[in-house]
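All values derive from a computational prediction rather than experimental measurement.
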Amino acid sequence: MMFRSKSFNIDQPLASGSLTRAQSFSEKWPSSVNVRASIVIKEVNPQEALAAMREIREEMMSNGWGCSSHAGNDDSEQKKWNSRFAKAHSILGSIRINARQAVPRENSSFFVAYFRGTPIGGLQLSSSDNTPTDFPKVNYLATHCGIRDCGVLLIEQAVNKSQQLGKNGNLKLQAVIDAVPAYVKMGFVTTESYMELRPIEKNDEWKYDGITNTYRYKFI
């Protein structure tokens, strides 16, 4: 069952038990959340990113968020959930590996999303080179498998990091197929090699504040 809130959706345990998640963790997530008031995005050092990604992955593995397979008899809901779980766990692991290996010359930035002090997602951003036309790249972005629609806050933070770097808030990324519609909704467009965002050209989705020199996504 999905409980929807303002751009922040929480998967709760199903009454049927076909997707079993630990009640102890689901109780952390209220059915109605003001996303901007409840979720904090922080730029962190590699050590903090490493610890946060480890915590999210361990929580997913240890608290019953996976759905057990039954010799090929999984229904479509179970298959979809297992795919979501596996992708999130893998991408969070990639951020963790890169945070462990990060050195200053790599020009990587790490961001972590927190809900009431608990890490729920992460993003790795690589700075572009010195050419004006190159964009900072979102290498990896993932949230806890039980959280939906809050990744845009991590993108918003990356947009403003790009702005600080003198790249006009521009970003590029390579999206998995399932995530393409979400990125299109944020204003990304598909190019030959990447999906790219130029927030200055996307006034319907992004609002620029000249006083703070920051962008804000309009739909949260």
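Closest of all the heavy-atom pairs between I147 and T143 is O-OG1, 3.4 Å. Closest approach of I91 to A142, counting heavy atoms only: CG2-CB, 3.5 Å. Minimum interatomic distance between I39 and C150 (heavy atoms only, all atoms of both residues): CD1-CB, 3.7 Å. Here the closest heavy-atom approach between residue W81 and residue W65 is recorded as NE1-O, 2.6 Å. Minimum heavy-atom separation, Q163 to G169: OE1-N, 3.1 Å. Across F85 and C145, no two heavy atoms sit closer than the pair CD1-SG, 3.7 Å.
Checked by atom type and distance alone, the side chain of S162 pairs as donor or acceptor with a backbone atom of N170 at under 3.5 Å. Here the side chain of K137 pairs no donor or acceptor atom with the backbone of Q174 at under 3.5 angstrom.
By the 30° and 60° cut-offs, the orientation of the rings of F188 relative to Y183 is perpendicular. The aromatic rings of F219 and Y217 sit perpendicular to each other, their planes meeting at more than 60°, with 30° as the lower class boundary.
Side-chain contact between F110 and N45: absent, with no pair of heavy atoms (C-beta onward) separated by less than 4.5 Å. For the pair E77/K79, no side-chain contact is recorded, criterion being any heavy-atom separation below 4.5 Å from C-beta on. Counting heavy atoms from C-beta on, the side chains of E205 and K202 come closer than 4.5 Å. Using a 4.5 Å cut-off on side-chain heavy atoms (C-beta onward), V184 and M195 make contact. Counting heavy atoms from C-beta outward, S127 and L125 have side chains that stay 4.5 Å or more apart. Between L92 and M60, the closest side-chain pair of non-hydrogen atoms falls below 4.5 Å. Side-chain contact between L123 and V138: present, with at least one pair of heavy atoms (C-beta onward) separated by less than 4.5 Å. The shortest distance between side-chain heavy atoms of F111 and V44 does not fall below 4.5 Å.
With hydrophobic clusters built from ILVMFWY side chains whose heavy atoms lie under 4.5 angstrom apart, L153 does not share a cluster with V40. Hydrophobic clustering (ILVMFWY, side-chain heavy atoms < 4.5 Å, transitive): V189 and L141 are in distinct clusters. Taking hydrophobic clusters as Ile, Leu, Val, Met, Phe, Trp and Tyr residues chained together by side-chain heavy-atom distances below 4.5 Å, Y194 does not share a cluster with V180.
Of the charged side-chain nitrogens involved, at least one lies within less than 4.0 Å of a carboxylate oxygen, so that R36 and E156 count as a salt-bridged pair. Look at K167 and D134 and you find no salt bridge, because none of the NZ, NE, NH1 or NH2 atoms lies under 4.0 Å from a carboxylate O. Using a cutoff of 4.0 Å between basic side-chain nitrogens and carboxylate oxygens, R57 and E59 are not scored as salt-bridged.
With rounding to the nearest 0.5 Å, the separation of CG in L197 from CD in E201 is 9.5 Å. Taken to the nearest 0.5 Å, the CD1 atom of I56 stands 12.0 Å off from the CZ atom of R96. Rounding to the nearest 0.5 Å places CG of L50 at 10.0 Å from CD1 of I97. With values rounded to the nearest 0.5 angstrom, H144 atom NE2 is found 10.0 Å from E55 atom CD. Remark: N98 CG to N139 CG distance equals 7.0 Å, nearest 0.5 Å. Within the model, atoms CD1 of I155 and CG of N160 stand 11.5 Å from one another, a figure rounded to the nearest 0.5 Å.
For the side-chain contact (heavy atoms from CB on, under 4.5 Å) with Y140, the qualifying choice from S126, S94, S90 is S94, the only one to do so. Considering E48, M53, K42 as possible partners of V112, the one that fulfils the side-chain contact (heavy atoms from CB on, under 4.5 Å) test is M53.
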- [ ] Decide yes or no on salt bridge (charged side-chain N to carboxylate O under 4.0 Å, His left out) for D178 and K87, but give the supporting numbers first.
- [x] CA-CA 10 Å; D178 292 346; K87 288 175 182 177; 2.8 Å; yes
TODO: Tell me, with the steps shown, if Y208 and N213 meet side-chain hydrogen bond (donor to acceptor under 3.5 Å, both in side chains).
DONE: CA-CA 7 Å; Y208 176 69; N213 192 32; 2.6 Å; yes
TODO: Start with the C-alpha distance between W206 and I200, add both sets of side-chain angles, then the distance that settles side-chain contact (heavy atoms from CB on, under 4.5 Å), and finish with yes or no.
DONE: CA-CA 8 Å; W206 295 88; I200 196 171; over 6 Å; no
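Taking the ring axis of F135 as reference, the NZ or CZ atom of K172 does not stay both within 45° of it and closer than 6.0 Å to the ring centre.
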